[in-house]
Asker: 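A single structure is presented below for examination.
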Amino acid sequence: MAASDHHPSVLLVEDEPAQREVLAYNLEAEGFRVTKAGNGEEALVLVDEYPPDVIVLDWMLPNLSGIEVCRRLKTRSETRAVPIIMLSARSEEVDRVRGLETGADDYVVKPYSVVELMARVRAQLRRTRPASMGEVLEYEDIRLDAETHRVTRSDAPLKLGPTEFRLLSTFMEKPGRVWTREQLLDRVWGRDVYVDTRTVDVHVGRLRKALCYHGGEDPVRTVRGAGYALG
Ligand code: CA
């Protein structure tokens with residue numbers, strides 16, 4: 001079963017095949033799932049097909065420029081929150097790109113060191129997908145350690161199955177966000193797994209039971225006609 005939260009996905013947009021392959025190789029070696037695009041148009045299609053956790057986007061692309069791709073992604077509600085790291089050829093370009101207010105989250109100048117770029121990718125993920133980077137998440141009296149897979153509530157350890165753990169880490173990464181059953185299926189079970197949406201209800205039920213095992217209020221909210229949210 002795909003444990004998609006353990007392997008964050010990167011959309012890599014680079015038109016030079018050699019650079020694209022080296023980068024993809026290094027990202028995969030770090031455990032990332034990589035989707036590759038050779039131009040901006042392809043990137044805009046793939047971003048819907050395989051929603052990434054972070055995007056590495058070359059500025060100089062044929063036809064649709066990296067800047068334009070960035071702008072479009074940052075104006076769409078579905079992709080606005082996805083961090084974008086822009087690659088540019090010279091530091092003067094970085095200043096220019098910054099001035100254009102594309103909304104990119106970070107900039108890396110070519111030639112970059114792969115080690116440096118990996119660090120920047122991880123930094124973006126720690127901010128947006130902390131559970132995937134093994135961070136400790138806290139919500140009210142609930143504490144989830146993504147590294148050791150320990151969950152406590154008011155310091156009392158809780159027993160969670162692997163699916164319930166992934167559900168809780170998804171909720172805790174964005175408290176208050178309403179997740180549809182389909183979004184939870186994608187995130188928790190993985191895109192390629194066929195599971196009925198009712199399965200989500202079953203596991204949310206188990207998660208609730210586990211969270212309230214030692215007492216306390218049910219922190220998971222059912223949003224009628226929409227899905228679930230934490231708090
Ligand atoms: Ca290029």
Side-chain angles (χ1 to χ4, degrees), residues 2 4-135 173 183 186-187 190-192:
S4 54
D5 61 332
H6 300 154
H7 299 283
S9 56
V10 179
L11 172 60
L12 174 58
V13 193
E14 167 66 79
D15 58 318
E16 282 130 89
Q19 290 194 36
R20 190 171 63 234
E21 292 313 312
V22 166
L23 209 44
Y25 173 84
N26 281 280
L27 286 163
E28 279 164 358
E30 292 247 333
F32 296 110
R33 291 178 294 135
V34 181
T35 306
K36 294 177 270 187
N39 59 59
E41 292 82 351
E42 203 183 333
L44 291 172
V45 172
L46 288 172
V47 82
D48 292 324
E49 226 167 299
Y50 307 99
D53 294 310
V54 61
I55 300 169
V56 176
L57 177 62
D58 188 24
W59 182 41
M60 294 292 283
L61 295 170
N63 306 319
L64 205 57
S65 75
I67 291 172
E68 188 52 34
V69 174
C70 187
R71 267 207 192 115
R72 291 195 194 180
L73 293 171
K74 288 298 182 186
T75 52
R76 291 173 49 200
S77 58
E78 305 82 22
T79 50
R80 186 175 297 145
V82 181
I84 297 179
I85 301 173
M86 289 218 46
L87 306 177
S88 84
R90 295 185 304 274
S91 52
E92 306 91 78
E93 280 174 6
V94 171
D95 295 336
R96 224 187 109 196
V97 176
R98 276 213 176 97
L100 291 169
E101 289 175 1
T102 55
D105 299 84
D106 200 1
Y107 304 87
V108 174
V109 179
K110 286 184 178 181
Y112 51 81
S113 92
V114 171
V115 173
E116 171 68 11
L117 183 58
M118 293 297 145
R120 303 286 188 100
V121 169
R122 281 195 297 270
Q124 291 301 325
L125 287 168
R126 267 196 296 276
R127 187 170 63 79
T128 55
R129 294 287 321 275
S132 75
M133 301 308 289
E135 303 277 293
E173 282 185 333
Q183 287 168 337
D186 281 353
R187 177 61 72 87
R191 283 233 137 196
D192 310 320

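Atoms within each ligand, like the ligands themselves, are counted from 1 in listed order.
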Asker: Taking 4.0 angstrom as the limit, do R72 and E68 come out as a salt bridge?
Answerer: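 Yes, charged N to carboxylate O under 4.0 Å.
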Asker: Within the supplied structure, the quantity of interest is the number of heavy atoms (other residues, nucleotides, ligands) at a distance under 6.0 Å from M118 CE; does it exceed 12?
Answerer: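 More than 12 heavy atoms, drawn from other residues, nucleotides or ligands, come within 6.0 Å of this atom.
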Asker: Less than 4.0 Å between a side-chain N and a carboxylate O, is that true for D105 and K74?
Answerer: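 Judged by the 4.0 Å cut-off on N to carboxylate O distance, K74 and D105 do form a salt bridge.
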Asker: Quick one: do E14 and K36 make a salt bridge, cutoff under 4.0 Å?
Answerer: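 Salt bridge: no.
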Asker: Quick check on side-chain contact (heavy atoms from CB on, under 4.5 Å): which of L12, L46, V34, V47 does P52 satisfy it with?
Answerer: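 It is V47, the one option of L12, L46, V34, V47 that forms the side-chain contact (heavy atoms from CB on, under 4.5 Å) with P52.
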Asker: If I only include protein atoms of type N, O or S, how many are less than 3.0 Å from the Ca ion (ligand 1)?
Answerer: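 N, O or S atoms of the protein closer than 3.0 Å: 4.
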Asker: Quick one: do E173 and R187 satisfy side-chain contact (heavy atoms from CB on, under 4.5 Å)? Show the steps, please.
Answerer: CA-CA 12 Å; E173 282 185 333; R187 177 61 72 87; 3.5 Å; yes
